Amino acid sequence: MSDLIVWHGPNTRSTGTVWLVEELGAPYELRKVDVFGGATREPDFLAVNPAGKVPAIRHKNKTLTEMAAISLYLADAFPEAGLAPAIDDPLRGDYLYWSVFRPGVLEPAIITKSQGLELDPRMVGWGDWETVLSLVERQLASGDYILGDNFSAADILIGGALGWLKHFKLMGENSSIDRYIDRLHARPAYARMQAANT
């Protein structure tokens with residue numbers, strides 16, 4: 001049995017965790033969960049994640065949930081994969097910022113926009129959709145990836161969310177972001193994740 005188990009619901013946000021593990025090159029056991037059939041509400045899965053959400057992982061008897069936390073943890077647990085700057089690397093702060101940008105800023109802005117919600121900007125910790133998108137565009141102006149020339153686990157988080165937006169036609173044409181998504185989707189680990197997503 002592998003030291004790493006990934007609970008994954010095909011065609012859900014947990015695809016990003018499968019992509020990450022494929023990029024790590026680490027052996028893992030994939031346990032598919034029928035999210036749309038209600039399996040995340042079953043006692044067996046609730047014992048893994050009481051919130052009833054994927055992804056979830058178990059690594060060396062440590063269970064962890066929440067996509068960004070899993071990403072930060074695994075990238076540090078497998079440093080040989082080079083998906084996270086070292087603690088003393090000047091890019092470490094940027095990496096941490098963009099890793100939590102997805103759940104803390106990008107996803108709330110996506111939901112706010114897609115649901116047509118009107119929120120007082122003083123009452124929430126994220127910006128309007130146009131501002132959030134402009135932050136990503138400005139960051140990508142410095143290189144091919146979120147950290148410039150270095151692909152990292154943060155690209156899976158940010159690029160994965162942007163890829164979903166494009167897939168569901170929630171974002172129009174955007175040349176810099178479209179090129180970014182194309183670069184990410186050309187990675188061999190992304191193709192392996194897609195094969196596991198069925």
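All heavy atoms count here, side chains included; hydrogens, waters and symmetry mates do not. Because the structure is a prediction, the values reported are computed rather than measured.
Listed for the Gln139 side chain is a donor-acceptor partner under 3.5 Å among the backbone atoms of Ile146. For the pair Arg92 (side chain) and Ile87 (backbone), a donor-acceptor distance under 3.5 Å is absent. With Lys32 contributing its side chain and Ala196 its backbone, the two residues share a donor-acceptor pair below 3.5 Å.
Judged as a side-chain contact (heavy atoms from CB on, under 4.5 Å), and not counting sequence neighbours, Glu118 has no contacts. Legend: residues meeting ring-ring contact (aromatic ring centres under 6.0 Å, His included) with Tyr190, ordered by chain and number and at least two apart, are Trp19, His185. By the ring-ring contact (aromatic ring centres under 6.0 Å, His included) test, Tyr145 pairs with Phe151, sequence neighbours left out. For Ala191, there are no side-chain contact (heavy atoms from CB on, under 4.5 Å) partners, not counting sequence neighbours. The side-chain contact (heavy atoms from CB on, under 4.5 Å) test applied to Asp34 returns Phe36, Ala39, not counting sequence neighbours. With sequence neighbours excluded, no residue satisfies ring-ring contact (aromatic ring centres under 6.0 Å, His included) with Trp126. Residues passing the side-chain hydrogen bond (donor to acceptor under 3.5 Å, both in side chains) test with Thr131, sequence neighbours excluded: Asp128. Considering only residues two or more places apart in sequence or on other chains, Asn61 meets the side-chain contact (heavy atoms from CB on, under 4.5 Å) condition with none of them.
Within the 4.5 Å cutoff, the side chain of Asp89 has no heavy atoms near those of the Tyr95 side chain. Contact annotation: the side chain of Leu72 approaches that of Leu96 to within less than 4.5 Å [non-hydrogen atoms, C-beta and beyond]. Using a 4.5 Å cut-off on side-chain heavy atoms (C-beta onward), Met171 and Leu133 make contact. Contact check for Val18 versus Asn197: no side-chain heavy atoms found under the 4.5 Å cut-off.
For the pair Gly160 and Arg102, the tightest heavy-atom approach, listed with the atom from each and the gap, is C-NH1, 4.0 Å. Between Tyr28 and Val6 the shortest heavy-atom distance is CD1-CG2, 3.9 Å. For the pair Leu20 and Ala153, the tightest heavy-atom approach, listed with the atom from each and the gap, is CD1-CB, 3.9 Å. Considering all non-hydrogen atoms of both residues, Val35 and Gly9 come closest at CG2-CA, 3.8 Å. Nearest heavy-atom pair across Gly104 and Pro108 is O-CG, 3.6 Å.
Here the options are Thr17, Val33, Val21, Thr15, the test is side chain to side chain contact (heavy atoms under 4.5 Å, CB included), and the partner is His8; only Thr15 passes.
Atom CD1 of Ile156 and atom OG of Ser99 lie 10.0 Å apart (nearest 0.5 Å). Once rounded to the nearest 0.5 Å, the distance linking CG of Asp3 with NZ of Lys60 reads 6.0 Å. Remark: Asn174 CG to Leu162 CG distance equals 9.0 Å, nearest 0.5 Å. Note that CD of Gln194 is 11.5 Å distant from CD of Glu22, once rounded to the nearest 0.5 Å. Separation of atoms OG (Ser176) and CZ (Arg138) is listed at 12.5 Å; rounding is to 0.5 Å. We find the CD-CG distance between Glu173 and Asp178 to be 5.0 Å, quoted to the nearest 0.5 Å.
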Item checked: Verdict with supporting geometry, Ile158 and Tyr180, side-chain contact (heavy atoms from CB on, under 4.5 Å) -> CA-CA 10 Å; Ile158 300 299; Tyr180 173 58; 4.2 Å; yes
Notebook entry, point to check: Could you walk me through whether Leu184 and Asp155 pass the side-chain contact (heavy atoms from CB on, under 4.5 Å) check?
Noted result: CA-CA 8 Å; Leu184 296 178; Asp155 289 296; 4.0 Å; yes
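For residues 63-90, the set of pairs meeting the ring pair (Phe, Tyr, Trp, His ring centres under 6.0 Å) definition, not counting sequence neighbours, comprises His59-Tyr73, His59-Phe78. Within the structure, ring pair (Phe, Tyr, Trp, His ring centres under 6.0 Å) contacts touching residues 98-123 (residues at least two apart or in different chains) are Tyr97-Phe101, Trp98-Phe101.
Under a hydrophobic clustering in which Ile, Leu, Val, Met, Phe, Trp and Tyr are joined whenever their side-chain heavy atoms come within less than 4.5 Å, directly or via other members, Leu157 and Leu24 fall into different clusters. Connection of Val132 to Ile111 is not established within any shared hydrophobic cluster, with ILVMFWY side chains joined at heavy-atom distances below 4.5 Å, either directly or through further cluster members. In the hydrophobic cluster analysis, where Ile, Leu, Val, Met, Phe, Trp and Tyr join through side-chain heavy atoms closer than 4.5 angstrom, Trp129 is grouped together with Val124.
Ion pair Asp144/Arg187 not flagged as a salt bridge, since none of the NZ, NE, NH1 or NH2 atoms sits closer than 4.0 Å to an Asp/Glu carboxylate oxygen.
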Listed pairs under 3.5 Å, donor-acceptor, residues 62-71 side chains, sequence neighbours left out:
| residue | atom | partner | partner atom | Å |
| --- | --- | --- | --- | --- |
| Thr63 | OG1 | Arg58 | NE | 3.0 |

Pairs under 3.5 angstrom only: tabulate donor-acceptor contacts from the side chains of residues 49-57 to other protein residues two or more places apart or in another chain.
| residue | atom | partner | partner atom | Å |
| --- | --- | --- | --- | --- |
| Asn49 | OD1 | Ala51 | N | 3.0 |
| Asn49 | ND2 | Lys53 | O | 2.8 |

